[in-house]
Peer 1: 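Handing you a structure now.
All values derive from a computational prediction rather than experimental measurement.
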There are 2 protein chains.
Amino acid sequence: MKRKLTLKSIAKEMDVSISTVSKALRDSPEISEETREKIKAYAKLYNYKPNNIALSLKNRKTNTIGVIIPQIVHHFFTTVIRGIEAEARENNYNVIICLSNNDFDKEVLNMELLANGSTDGFILSVSKETMQKEDYHHLNEVIEQGMPVVMFDRVVEGIPCDRVLINDTQGAKKGVTHMIRSGCRKIGIITSEDYVSVGRLRTEGYLDAHDDFGIEVDENRILKLDNIDDLDESAKKRIKTFIENNDLDGLFTVNELFAVYAARVIAKAGKTVPDDISIVCFTDGELSEHMMPSITAVSQHGEEMGRKAASILINKLERPEDETEEYGTSYIETSLIERESTRKLNR
Amino acid sequence: MKRKLTLKSIAKEMDVSISTVSKALRDSPEISEETREKIKAYAKLYNYKPNNIALSLKNRKTNTIGVIIPQIVHHFFTTVIRGIEAEARENNYNVIICLSNNDFDKEVLNMELLANGSTDGFILSVSKETMQKEDYHHLNEVIEQGMPVVMFDRVVEGIPCDRVLINDTQGAKKGVTHMIRSGCRKIGIITSEDYVSVGRLRTEGYLDAHDDFGIEVDENRILKLDNIDDLDESAKKRIKTFIENNDLDGLFTVNELFAVYAARVIAKAGKTVPDDISIVCFTDGELSEHMMPSITAVSQHGEEMGRKAASILINKLERPEDETEEYGTSYIETSLIERESTRKLNR
DNA sequence: TTGTAAGCGTTATCAT
DNA sequence: ATGATAACGCTTACAA
């Protein structure tokens with residue numbers, strides 16, 4: 001096992017001082033052409049790479065972005081990460097990903113961990129539990145210490161940080177409007193309780209769309225589940241009775257899983273999609289794409305979102321501290337991906 | 001913005017030396033009860049946390065595991081990560097995840113980056129491109145430098161490291177055997193070219209199962225695609241003609257995506273699953289669970305795999321260096337999850 | 001019981 | 001043109 005090369009070991013080997021080596025490798029004009037080339041050749045030969053940890057300590061800068069997300073399972077988060085990574089790499093930043101599993105304690109733990117020297121800033125989507133508790137001390141703490149934070153997707157109010165959101169309301173509105181235009185008049189929605197921001201906003205979009213067409217909304221056609229991340233038994237049961245007890249001709253769901261399960265219930269009831277009932281879901285993932293019939297979806301453009309979040313964060317990090325602190329909210333537009341679960345519009 | 005507390009700042013504030021603070025916080029008996037309590041109280045009040053970077057540099061140990069995987073998109077990798085994280089946390093290790101996107105250069109880059117002080121060891125599944133190139137210099141390099149490596153799922157031979165595999169051959173055999181037992185005699189397989197280890201092994205299992213029952217295998221019933229990670233247009237086309245040109249009564253695929261697309265082709269051809277043709281796929285993910293009909297799958301037990309890989313790695317990391325180096329391969333058993341795409345067996 | 005100093009691997013400043 | 005030294009934040013012999 002050969003030990004990793006350090007400036008020290010190179011210096012010793014070549015019989016010069018550590019600082020000479022350092023300068024030579026950084027192409028300092030202080031060092032003579034000759035020694036410079038000699039040292040660089042040696043370093044290259046033995047594949048010297050500076051120790052990142054030492055650099056971080058020295059520079060008080062890690063060039064690393066910490067990403068904290070509830071669950072990686074979701075295709076959406078995957079695409080966001082891809083965007084973050086791409087943007088980060090282009091700007092010479094690294095990315096550390098931590099999963100909170102929708103668990104408040106884990107979110108806090110991860111942040112504290114990364115905040116202790118491992119990252120320069122954070123990109124996060126807060127966990128469901130955190131939203132319920134409304135305890136944001138961990139966020140405020142890192143911000144107090146000068147680490148910028150960018151929240152995306154699941155954001156909370158009252159924190160001094162930037163935000164990147166998809167236009168949830170508008171996205172839902174697009175989806176529901178599409179169904180109304182195609183003739184649906186009894187559209188149901190499966191969404192989350194209002195404390196989850198994305199659920200609340202998407203419900204709003206659903207209402208807006210109806211409003212625009214002057215269609216009255218039947219409260220019975222709104223199903224609010226408390227767990228929007230998985231499809232557990234209780235959710236299944238509630239979706240089943242919801243579908244069975246409502247004579248719907250359209251259904252909007254805030255995620256793929258609900259749509260897929262609803263499709264199953266609908267099929268069992270002997271109805272067909274989209275002839276008897278249309279379906280549109282939020283999030284464009286693998287499920288909606290591959291189901292039979294495939295499901296029309298509101299695409300969240302996760303990659304773009306990730307890029308945006310990273311670019312905002314990096315900007316803050318590179319900027320001299322003294323500039324006036326201003327926080328903004330950026331919106332990423334959604335787009336409707338028409339598939340087999342909705343009727344074609346005549347335009 | 002309050003600057004983060006350091007030993008130095010505490011020392012200054014409390015008018016003692018840095019080492020006194022350090023010792024007090026680490027409960028050294030050298031320090032008097034009184035000062036110790038005083039210092040600890042102060043640290044607690046102002047929420048002192050040691051700087052990880054400094055600790056890493058000092059200890060030449062980061063307590064961090066680097067995980068490098070081709071794509072996080074796959075539900076399987078998600079579960080593996082969960083396992084790694086769980087095991088790591090229990091042993092006081094952190095996890096850094098990097099995606100290679102199946103790209104050789106990115107795999108190399110990520111490893112070099114993390115190897116320069118950020119991690120103590122690696123857990124990785126090598127990218128497709130790396131397998132094709134058969135260029136493993138980056139792996140050998142980090143191992144040379146004394147960083148242990150554990151490969152999982154997609155492994156290559158000839159590298160001095162531990163391996164965690166699922167029993168691919170046996171898993172495929174289980175799936176195919178199940179179909180044979182249920183009466184299928186013309187079973188096709190959609191797999192990968194042999195240079196992807198998992199594809200090769202699963203093809204073997206397919207052959208083994210036939211062998212056991214003395215059924216001859218028709219070469220035409222084996223479709224080897226080169227990209228096993230996505231379902232691109234060329235793959236779709238080849239699957240389509242494969243299904244159409246073979247009169248199959250059973251189909252085994254090495255991933256979910258292929259099974260799902262095949263199901264679509266089968267449905268279009270007017271055949272039904274499982275009455276006309278049974279389907280079993282490798283990997284137990286969201287797709288196979290939610291499709292209609294749901295697809296019988298060989299579950300890979302990713303979480304267990306992740307735990308195992310992490311535990312092996314941590315073990316190596318904690319063990320005194322001088323012990324004899326021995327590398328082993330652990331196998332994770334698969335299990336068959338029966339769903340709607342196969343006929344029930346009478347037992 | 002407390003403090004001093006060296007060292008982890010770098011870089012930057014200031015000698016020589 | 002080259003080298004010594006201090007510093008980043010921490011731990012730990014070793015002195016006092």
Side-chain angles (χ1 to χ4, degrees), chain A residues 2-40 42-43 46-64 113-120 145-146, chain B residues 3-40 42-43 46-64 112-120 145-146:
Chain A
K2 27 171 226 239
R3 275 240 61 68
K4 227 173 147 34
L5 244 54
T6 65
L7 292 184
K8 200 180 184 179
S9 69
I10 297 179
K12 199 158 138 199
E13 199 62 41
M14 311 212 37
D15 230 29
V16 290
S17 76
I18 295 179
S19 52
T20 303
V21 179
S22 173
K23 284 170 187 164
L25 292 178
R26 322 194 89 235
D27 271 328
S28 161
E30 283 183 37
I31 307 297
S32 74
E33 178 86 30
E34 201 199 327
T35 25
R36 213 193 312 161
E37 288 312 321
K38 219 169 53 189
I39 291 175
K40 285 175 79 171
Y42 183 93
Y46 292 106
N47 195 25
Y48 168 79
K49 294 271 165 52
N51 181 313
N52 290 327
I53 295 283
L55 284 178
S56 296
L57 185 60
K58 181 89 181 83
N59 304 331
R60 276 111 136 282
K61 175 111 170 60
T62 61
N63 262 261
T64 299
L113 191 93
L114 296 184
N116 294 325
S118 305
T119 52
D120 297 334
Q145 285 167 14
Chain B
R3 275 240 61 68
K4 229 176 145 34
L5 242 53
T6 65
L7 291 185
K8 200 179 183 180
S9 69
I10 298 179
K12 199 158 138 197
E13 198 63 41
M14 310 210 40
D15 229 28
V16 290
S17 78
I18 296 178
S19 61
T20 302
V21 179
S22 173
K23 286 170 186 163
L25 293 178
R26 322 192 86 238
D27 270 327
S28 161
E30 284 182 34
I31 306 298
S32 74
E33 178 86 30
E34 201 196 327
T35 27
R36 212 192 316 160
E37 289 310 323
K38 219 169 52 188
I39 291 174
K40 286 177 79 170
Y42 182 94
Y46 292 106
N47 194 28
Y48 169 78
K49 295 271 163 51
N51 181 314
N52 290 327
I53 295 284
L55 282 177
S56 295
L57 186 59
K58 179 87 184 96
N59 302 331
R60 273 112 137 281
K61 177 110 170 59
T62 61
N63 262 261
T64 299
E112 288 187 343
L113 191 94
L114 296 185
N116 293 326
S118 307
T119 51
D120 297 334
Q145 286 166 13

Peer 1: In whole Å, I'd like the distance from the CG atom of Leu5(A) to the P atom of dT10(C).
Peer 2: 9 Å
Peer 1: Verify, without hydrogens or angle tests, whether Asn52(A) (side chain) and Leu113(B) (backbone) share a donor-acceptor contact under 3.5 angstrom.
Peer 2: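 Confirmed, Asn52(A) side chain pairs with Leu113(B) backbone.
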Peer 1: Counting only side-chain heavy atoms from C-beta out, which of dG3(D), dG3(C), dC8(D) sits nearest to Ser17(A)?
Peer 2: dG3(D)
Peer 1: Short of 4.0 Å, heavy atom to strand atom, which residues of residues 53-62 of chain B count as contacting DNA chain D?
Peer 2: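 Of all residues in residues 53-62 of chain B, the ones placing a heavy atom under 4.0 Å from DNA chain D are Ala54(B), Leu55(B), Lys58(B).
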Peer 1: Measuring from the side chain of Asn51(A) (C-beta onward, heavy atoms only), which nucleotide among dA12(C), dT10(C), dT2(D) has the closest atom?
Peer 2: dT10(C)
Peer 1: Without decimals, in angstroms, what is the distance between Met14(A) CE and dG3(D) C1'?
Peer 2: 16 Å
Peer 1: Just the rounded figure in Å: distance from C1' of dT11(D) to NZ of Lys23(B).
Peer 2: 10 Å
Peer 1: Quick one: are Asp27(B) and Lys40(B) in side-chain contact, heavy atoms under 4.5 Å?
Peer 2: yes
Peer 1: Please determine, for the side chain of Pro50(B), which listed nucleotide (dG3(C), dC10(D), dT12(D)) has the closest atom?
Peer 2: dC10(D)
Peer 1: When you check the phosphate oxygens OP1 and OP2 of dT12(D), does a side-chain N or O of Ser19(B) lie under 4.0 Å from one of them?
Peer 2: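 So the side-chain polar atoms of Ser19(B) never come under 4.0 Å of the phosphate oxygens OP1 or OP2 of dT12(D).
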Peer 1: Any side-chain N or O of Thr35(B) under 4.0 Å from OP1/OP2 of dT2(C)?
Peer 2: yes
Peer 1: So which nucleotide from dC8(D), dG9(D), dC14(C) ends up closest to the side chain of Glu30(A)?
Peer 2: dC14(C)
Peer 1: Measuring from Tyr48(A):OH to Lys4(A):NZ, what's the distance to the nearest 0.5 Å?
Peer 2: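 Rounded to the nearest 0.5 Å, the OH-NZ separation comes to 9.0 Å.
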Peer 1: Would you kindly give the CG-to-P distance between Asp15(A) and dT2(D), to the nearest whole Å?
Peer 2: 13 Å
Peer 1: Could you state the CD1-P distance from Ile10(B) to dT11(D), rounded to the nearest angstrom?
Peer 2: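 That distance rounds to 11 Å.
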Peer 1: Rounded to whole Å, please give me the gap between CD1 in Ile18(B) and P in dA13(D).
Peer 2: 18 Å
Peer 1: Give, for atom OG of Ser118(A) and atom CG of Asn51(B), the distance between the pair rounded to the nearest 0.5 Å.
Peer 2: 8.0 Å
Peer 1: Give a yes or no on whether Lys12(B) atom NZ has more than 12 heavy-atom contacts from other residues, nucleotides or ligands under 6.0 Å away.
Peer 2: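 Count not over threshold, so no.
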Peer 1: When you compare the side chain of Ile39(A) with that of Leu25(A), does any pair of heavy atoms fall below 4.5 Å?
Peer 2: yes
Peer 1: In whole angstroms, how far is the P atom of dA1(D) from the CD atom of Glu37(A)?
Peer 2: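 After rounding, the gap between these two atoms is 14 Å.
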Peer 1: Taking atom P of dT2(C) as reference, at what distance in whole Å does atom NZ of Lys12(B) sit?
Peer 2: 21 Å
Peer 1: With a 4.5 Å heavy-atom cut-off, do Asp120(B) and Thr64(B) have their side chains touching?
Peer 2: no
Peer 1: Within the structure provided, determine whether Ser56(B) and Ile53(B) are in side-chain contact (heavy-atom separation under 4.5 Å).
Peer 2: no
Peer 1: Under 3.5 Å, is there a donor on one side chain and an acceptor on the other for Ser19(A) and Ser22(A)?
Peer 2: no
Peer 1: Could you tell me whether the phosphate oxygens of dG9(D), OP1 or OP2, come under 4.0 Å of any side-chain nitrogen or oxygen in Tyr48(B)?
Peer 2: no
Peer 1: Bend across the helix from dT1(C)-dA16(D) to dT16(C)-dA1(D), to 10°, with axes taken over 5 pairs at each end?
Peer 2: 70°
Peer 1: I want to check one thing: is the phosphate of dT11(D), taken as OP1 and OP2, less than 4.0 Å away from some side-chain N or O of Ser22(B)?
Peer 2: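 Checking dT11(D) against Ser22(B), a side-chain N or O does come within under 4.0 Å of OP1 or OP2.
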Peer 1: 5'-most contact on DNA chain C: Arg26(A) or Lys8(A), nearest heavy atom basis?
Peer 2: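 Nearest-nucleotide comparison on DNA chain C picks Lys8(A).
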Peer 1: Do Asn116(B) side-chain atoms and Glu112(B) backbone N/O form a donor-acceptor pair below 3.5 Å?
Peer 2: yes
Peer 1: May I ask you to evaluate whether Thr6(B) reaches the phosphate of dG9(D), defined as a side-chain N or O under 4.0 Å from OP1 or OP2?
Peer 2: no
